[in-house]
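One structure below.
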There are 2 protein chains.
Amino acid sequence: MSKTLDFYFDFSSPYGYLASTRVEAIAQKHNREVVWHPILLGAVFKVSGQAPLTSYPLKGNYAIHDFDRAAREHKTPYNQPNPFPIGAVAASRTCCWINASEDANVNNKLTPFVHATFKAYYVEGRDISKAEEVLAIAEAVGLDKDALAEGVAEQSIKDALRNNVEQAIERGVFGSPTIVVDDEMFWGNDRLEQVDRWLTSGGW
Amino acid sequence: MSKTLDFYFDFSSPYGYLASTRVEAIAQKHNREVVWHPILLGAVFKVSGQAPLTSYPLKGNYAIHDFDRAAREHKTPYNQPNPFPIGAVAASRTCCWINASEDANVNNKLTPFVHATFKAYYVEGRDISKAEEVLAIAEAVGLDKDALAEGVAEQSIKDALRNNVEQAIERGVFGSPTIVVDDEMFWGNDRLEQVDRWLTSGGW
């Protein structure tokens, strides 16, 4: 069984999206399996005392410019979404439902669903805060729309997401994306190369 | 006359220090001259709504870990200072005084002074918020201690620093280090490689 690369992200985070398009290649290079951890920055920020990036004067303007520039550097499709940011509860609960399934043919839809959801928001401009958009995305990657709609309403799935966010905070996660390899944490899309160097060298 | 690479930094910023040890090599590679712009993050944060990095729960712990890890990667000497952060008014005004001099033999002490001040704080553990430490550092790089002590007390030097900080904010600077090349702004020590790629490729 290969080692893991834990990838914490909020579906509403542009840097989370950008990193999601490149993290698997890095993991694969080092024979690691990406474990997707959707989190809700709104809950995290209550603990960390932060606010959405684009809400800060000066820093927000830079961020908007930098999202697009970072995307262009790697030729990643990117359209600044509107509304932005949005609440990613529906999409994140869907990930929990996929993970909780006892059907391996559902579990293996997680990665396609993550990519399709990011693409829907950051490329196609669809509002992924809406439950019906998330259901449509899920259906398109081969999930049972009706079973999902029923599943995400269950308390166990709501609890699963809440627990995941709490565990992330306990681990020290405060932003998106956050990558953890062997208990070493790296924050930011702009740290992907450093993660690669860390794994190549065995750390320093 | 070569083009410039504007480097905005707070002497109290670890990432500012770390970047200061590597930015000249990148500038030189692209035939650019580093222009040092000391700023005061305390004034910037009043506009941008931020607080010192290490004051944020979770993010602060990560930062302390990351300062040292970032230093180790490039074998840069680093000792987490205490007290931290500090006010860098004395050191920053000294830069303004050096720049304001009509003596080229004073002007050319700016770069050595910047490096010596960072080293005093981040390697030698000296409290550079104290005027007497800054005077000692200045003297060691060949500046006239008495002339400096008199100079930094002048209103014109105080105004120069205030103006520099205001101009940085007007330009959109919100953190340390910030690098600007040809009106393109990059924030963060972890963006030095991106600046290098930008200058190599001519942008994207």
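Proteins come first, then strands; the chains are lettered A, B, ... in the order of their sequence lines, and each starts at number 1. Given the structure is predicted, the values throughout are model-derived calculations rather than measurements.
With hydrogens and angles ignored, the 3.5 Å screen pairs no side-chain donor or acceptor of Y62(B) with any backbone N or O of G172(A).
Within residues 179-186 of chain B, the residues having any heavy atom closer than 4.5 Å to a heavy atom of chain A are E184(B), M185(B), F186(B), listed by residue number.
The shortest side-chain heavy-atom distance between K75(B) and W204(A) does not fall under the 4.5 Å cut-off. Under the 4.5 Å side-chain criterion, counting only non-hydrogen atoms from C-beta, E73(A) is in contact with Q194(B). Between K59(B) and V47(A), every side-chain heavy-atom pair lies at or beyond the 4.5 Å cut-off. Contact check for L58(B) versus V173(A): no side-chain heavy atoms found under the 4.5 Å cut-off.
At a 4.5 Å heavy-atom cutoff, the contact between W198(A) and chain B is made by side-chain atoms alone. Contact of D190(B) with chain A is made through backbone and side chain together, with heavy-atom distances under 4.5 Å.
Within 6.0 Å of CD on E166(B) lie more than 12 heavy atoms contributed by other residues, nucleotides or ligands. Remark: K158(A) NZ is packed, more than 12 non-hydrogen atoms of other residues, nucleotides or ligands lying under 6.0 Å away. Within 6.0 Å of CD on E132(A) lie more than 12 heavy atoms contributed by other residues, nucleotides or ligands.
Per-residue heavy-atom pair counts under 4.5 Å with chain B were compared for H65(A), Q50(A), R72(A), R69(A), and the maximum is reached by R69(A).
The minimum heavy-atom distance between S48(B) and P57(A), with the atom names listed, is O-CD, 3.3 Å.
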